[in-house]
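Report on the structure given below.
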Amino acid sequence: MARVDVTVDVTVRGAGIFGLSIAFACARRGARVRVIDPGGVGAGSSGGLVGALAPHVPEAWNGKKQFQLESLLMAEAWWGEVGEVSGLPTGYLRSGRLQPLADARAVEVARAREVTAAALWGDAAVWRVEAAPEGWGPVSATGLVVRDTLTARLSPRMGLAALAGAVVALGGEVVREGAEAGAVVDATGVAGLAALSGAVGKTIGGGVKGQAAALRFDAAGWPQVFADALHIVPHVDGTVAIGSTSESAWDDLATDAALEALIAQAEAAVPMLAGAPVVERWAGVRPRARSRAPMLGPWPGRAGWFVANGGFKIGFGMAPKLAEVMADLVLDGRDAVPEAFRVDASL
């Protein structure tokens, strides 16, 4: 039987973005935290390359989009505190984003969204149609792009290392093995979805393979590009991340022709990238809940256990607010989990 450790208030299983963010949020409130992950920090899908913190389009508004907006607006100060406490860089920058507009209909829709963005985002950020910039920027058939000033970027690996460092600086532990004590938060991604599915007797989520690449090209202060569902993200280390695929079926976790096609697509979208050397190819399996929203709350039928899973493509963008909501629930019993994020939504 596992040893009971009275020096630990919260055990977090999983050192990805959800697990480490929740651990940090609990530790900064004075809780004694232990994070356990046999693979180490960022061993799963959180340890990828892309790091796009991008909003949903400002229309058909719902609770999920509002939660994400609030999280994105928290991000600069929140990640700033992570960096301050840990003494480590996170690679965060609210860099904005450019999206090419392919035809007159796309321009019409984008201009309508200027109005809804003003109503929904207020003066926190803008969404506007403007002329495509020369040089860095996407090829646009209309000569126009959408520029939004809400999108940010974060280096996934730097961010996770800084979170782990902040947890330790606040008196917590980040270990590969250890005993569970106190409240337990399961943030183990695909493995956690499989375990929870087995516990409740039905599939509540699964994995989706993604592939991404990093090119050696220094565009560190420039905005992201989002073209034909492809994220092109300049990072502080002089690389540009390209990603990602979404594959519901796969034979292995090797990178393959699908990634090569993605790189070619990026070079066509942003011609300045043509010929930039590929410095890393990456593949991983991201957890997606059946509801397609993050899954948060008590583990059904297991007292003292909680679930934080299903980040899929928006985990880093959701992390600041999600971590605070989970800390409220785990430490104080205050339940502010949106209905769409509850475990029941995937049952």
Side-chain angles (χ1 to χ4, degrees), residues 16-19 21-22 24-26 46 52-79 94 97 109-110 112-127 146 148-152 154 185-187 189 192-193 196 200 202-206 208 226 229 231 246 286-300 306-347:
I17 183 58
F18 279 7
S21 295
I22 293 165
F24 172 66
C26 290
S46 293
L53 281 57
H56 288 90
V57 295
E59 65 182 17
W61 210 242
N62 57 32
K64 178 181 176 181
K65 292 183 178 183
Q66 181 63 31
F67 189 101
Q68 186 204 41
L69 172 63
E70 293 171 10
S71 190
L72 291 173
L73 293 176
M74 290 171 61
E76 186 166 9
W78 198 85
W79 284 107
R94 190 164 154 181
R97 179 177 60 171
V109 171
R113 288 171 177 166
E114 285 181 325
V115 177
T116 53
L120 294 165
W121 296 355
D123 59 4
V126 298
W127 168 294
V146 170
D148 84 71
T149 62
L150 181 55
T151 296
L154 181 90
V185 179
D186 189 288
L193 290 178
L196 187 52
V200 300
K202 63 172 63 177
T203 300
I204 62 167
V208 178
F226 186 64
H231 292 280
S246 291
R286 297 159 297 181
R288 183 174 69 186
R290 186 178 178 184
S291 68
R292 301 181 71 89
M295 181 187 297
L296 310 175
W299 183 296
F306 300 85
V307 178
N309 211 320
F312 192 36
K313 293 182 176 182
I314 57 175
F316 279 89
M318 290 285 201
K321 185 171 176 66
L322 180 149
E324 301 303 326
V325 167
M326 285 299 294
D328 284 343
L329 180 62
V330 172
L331 298 179
D332 302 323
R334 294 199 304 273
D335 187 350
V337 176
E339 289 298 323
F341 293 9
R342 296 182 182 278
V343 178
D344 287 349
S346 291
L347 295 180

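Starting from 1, each residue takes its place in the sequence as its number. None of the values given here were measured: they were computed from a predicted structure.
Contact detail for Ile22 and Ala308: the closest heavy-atom pair is CD1-CB, 3.4 Å. Here the closest non-hydrogen pair linking Ala75 and Pro320 is CA-CG, 4.1 Å. Minimum heavy-atom separation, Ala327 to Ala25: CB-CB, 4.0 Å. Shown here for Arg334 and Asp328, the closest heavy-atom pair between the two residues is NH2-OD1, 2.7 Å. Between Trp121 and His56, the closest heavy-atom pair is CZ2-O, 4.2 Å. When all heavy atoms of Pro294 and Leu322 are compared, the pair lying nearest together is CB-CD1, 4.1 Å.
At a threshold of 4.5 Å between non-hydrogen side-chain atoms, the residues Trp78 and Ser21 count as touching. When side chains are defined from C-beta on, Ile314 counts as touching Lys64, because their heavy atoms get closer than 4.5 Å. Side-chain contact between Leu69 and Trp61 is present, with at least one heavy-atom pair separated by less than 4.5 Å. Inter-residue side-chain proximity for Lys65 and Val57 is flagged as met; some heavy-atom pair is nearer than 4.5 Å. Side-chain contact between Ser246 and Lys313 is present, with at least one heavy-atom pair separated by less than 4.5 Å. Looking at Met326 and Phe18, their side chains never come closer than 4.5 Å, going by heavy atoms from C-beta outward.
A donor-acceptor contact shorter than 3.5 Å is absent between the side chain of Thr116 and the backbone of Glu59. Counting only distance, with no hydrogens or angles, the side chain of Gln68 and the backbone of Ala54 share a donor-acceptor pair below 3.5 Å. Put simply, the side chain of Asn309 never gets that close to the backbone of Ala187: no donor and acceptor are under 3.5 Å apart. Side-chain N or O atoms of Arg286 include none that pairs as donor or acceptor with a backbone N or O of Gly311 at under 3.5 Å.
Test Leu150, Leu72, Leu53 against Arg94 for side-chain contact (heavy atoms from CB on, under 4.5 Å) and you get one pass: Leu150.
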Open item on the list: If you apply the rule side-chain contact (heavy atoms from CB on, under 4.5 Å), what do you find for Val325 with Met318, and how did you get there?
Closed with: CA-CA 11 Å; Val325 167; Met318 290 285 201; over 6 Å; no
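Here the OG-CD distance, from Ser71 to Glu324, works out to 9.5 Å after rounding to the nearest 0.5 Å. To the nearest 0.5 Å, the span separating CH2 on Trp299 from CG on Leu196 amounts to 4.5 Å. Separating the CE atom in Met295 from the CZ atom in Arg290 is a distance of 10.0 Å, to the nearest 0.5 Å.
Other residues, nucleotides and ligands place no more than 12 heavy atoms under 6.0 Å from the CD atom of Glu76.
Judged as a ring pair (Phe, Tyr, Trp, His ring centres under 6.0 Å), and not counting sequence neighbours, the contacts of Phe67 are Phe341. For Lys321, the side chain to side chain donor-acceptor pair (under 3.5 Å) test picks out Glu70, with sequence neighbours left out.
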